[in-house]
Amino acid sequence: MDGNGRWAKSRGLPHIAGHREGSRALRRAIEAAIQSGVSWLTIYAFSSENWRRPAGEILGLTGLLRRYLRSEITELKQSGVRLRFIGDRCRFDSDIQTDLEAAERDTAVNTRLNLTIALSYGARAEIAAAARAALEAVRAGCLEAGDLGEDVFASFLATAGMPDPDLVIRTSGEQRLSNFLLWQAAYAELVFLDVLWPDFDHAHFGAALKEFSRRERRFGARKD
Ligand code: IPE
Ligand code: MG
């Protein structure tokens, strides 16, 4: 979800106003996913690197997160959304950590849309943590080093049990993954949209799905 700052700047508004509008775009994206029958949606809301932003912006963002968790959960629950969070949640204030756990617990029976929100998430940190966990398992005698193949390794990632993404959409015209799901997106189709995140709507979601449907996926194999 990129482009909140540019959206705000172009209107002479403070950066946080872009983040606030971005949370409305998130609501639209979730609706669009449900309407399109997409059953797994992962949102990159805040990266481990975003902690380097000015303290005022961090405060604004964590405030928005707090409000989002309090105001949206009931509706998400009713819409059949199951929430999960990936990333280093220990870096958030303890009341937020409690709300994250409650949101996961309260929506755990839902199956219509699996919504994962990446918060304080970085793929390299996730992979390093998985390597440490796998080493621990070997040291504890629960795992043979020779059995540590791709699938076993993936089971140590934060996304264990989740399917790999088929499509990654990045907004704002930037063409980078920025440390998002680096392991999981190995064969994802990448779609870069020239729209600032706060302007993202159902039509952009539909256009990305249409572009995805035109791609020919071979997963390294040959077609003939
Ligand atoms: C993305 O918008 C939202 C977060 C990183 C939380 P930006 O804040 O990166 O917006 P730009 O890139 O400055 O336009
Ligand atoms: Mg940005």
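All ligand and atom numbering here is 1-based and tracks the order in the structure.
Taking hydrophobic clusters as Ile, Leu, Val, Met, Phe, Trp and Tyr residues chained together by side-chain heavy-atom distances below 4.5 Å, Ile96 shares a cluster with Ile43. Note on Leu100: it clusters hydrophobically with Ile58, by side-chain heavy-atom contacts below 4.5 Å among ILVMFWY residues.
Tyr121 places no side-chain N or O within donor-acceptor distance of the main-chain N or O of Phe85, the cut-off being under 3.5 Å. A side-chain donor-acceptor contact under 3.5 Å links Ser47 to the backbone of Glu49. Judged by distance alone, with hydrogens and angles left aside, the side-chain atoms of Arg89 form no donor-acceptor pair with the main-chain N or O of Leu119 at under 3.5 Å.
Atom numbering of ligand 1 starts at 1 in the shown order; those under 4.0 Å from a heavy atom of Gly5 are 7 (P), 8 (O), 10 (O), 11 (P), 13 (O), 14 (O). Against a heavy-atom cut-off of under 4.0 Å, Asp2 is close to the following atoms of ligand 1: 1 (C), 2 (O), 7 (P), 9 (O), 10 (O), 11 (P), 12 (O). Residue-ligand proximity, Asn50 to ligand 1, at heavy-atom distances under 4.0 Å covers atoms 5 (C). Residue Ala45 has at least one heavy-atom neighbour below 4.0 Å for each of these atoms of ligand 1: 6 (C).
The closest approach between any non-hydrogen atom of Glu174 and ligand 1 is not below 4.0 Å. Residue contact annotation: Ser172 has no non-hydrogen atom under 4.0 Å from ligand 1.
With a 4.0 Å heavy-atom cut-off, ligand 1 is reached by no atom of Lys9. Residue-level proximity to ligand 1 for Met1 is carried by the backbone, the only part with a heavy atom below 4.0 angstrom. With a heavy-atom cut-off of 4.0 Å, Leu196 does not touch ligand 1 at all.
What you find for Leu41 and Ala29 is that their closest heavy atoms are CD2-O, 4.2 Å.
If you look at Asp2 and ask which of its N, O or S atoms sits nearest the Mg ion (ligand 2), the answer is OD1.
Taking the ring axis of Trp7 as reference, the NZ or CZ atom of Arg11 stays within 45° of it and closer than 6.0 Å to the ring centre.
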Evaluation steps, ring-ring contact (aromatic ring centres under 6.0 Å, His included), between Trp51 and Phe92: CA-CA 10 Å; Trp51 289 109; Phe92 291 103; 5.2 Å; yes

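Ranking the protein heavy atoms by distance from atom 2 (O) of ligand 1 puts Asn4 N, 3.3 Å first.
Taking only non-hydrogen atoms, the option from Glu57, Arg53, Arg6, His19 nearest to atom 9 (O) of ligand 1 is Arg53.
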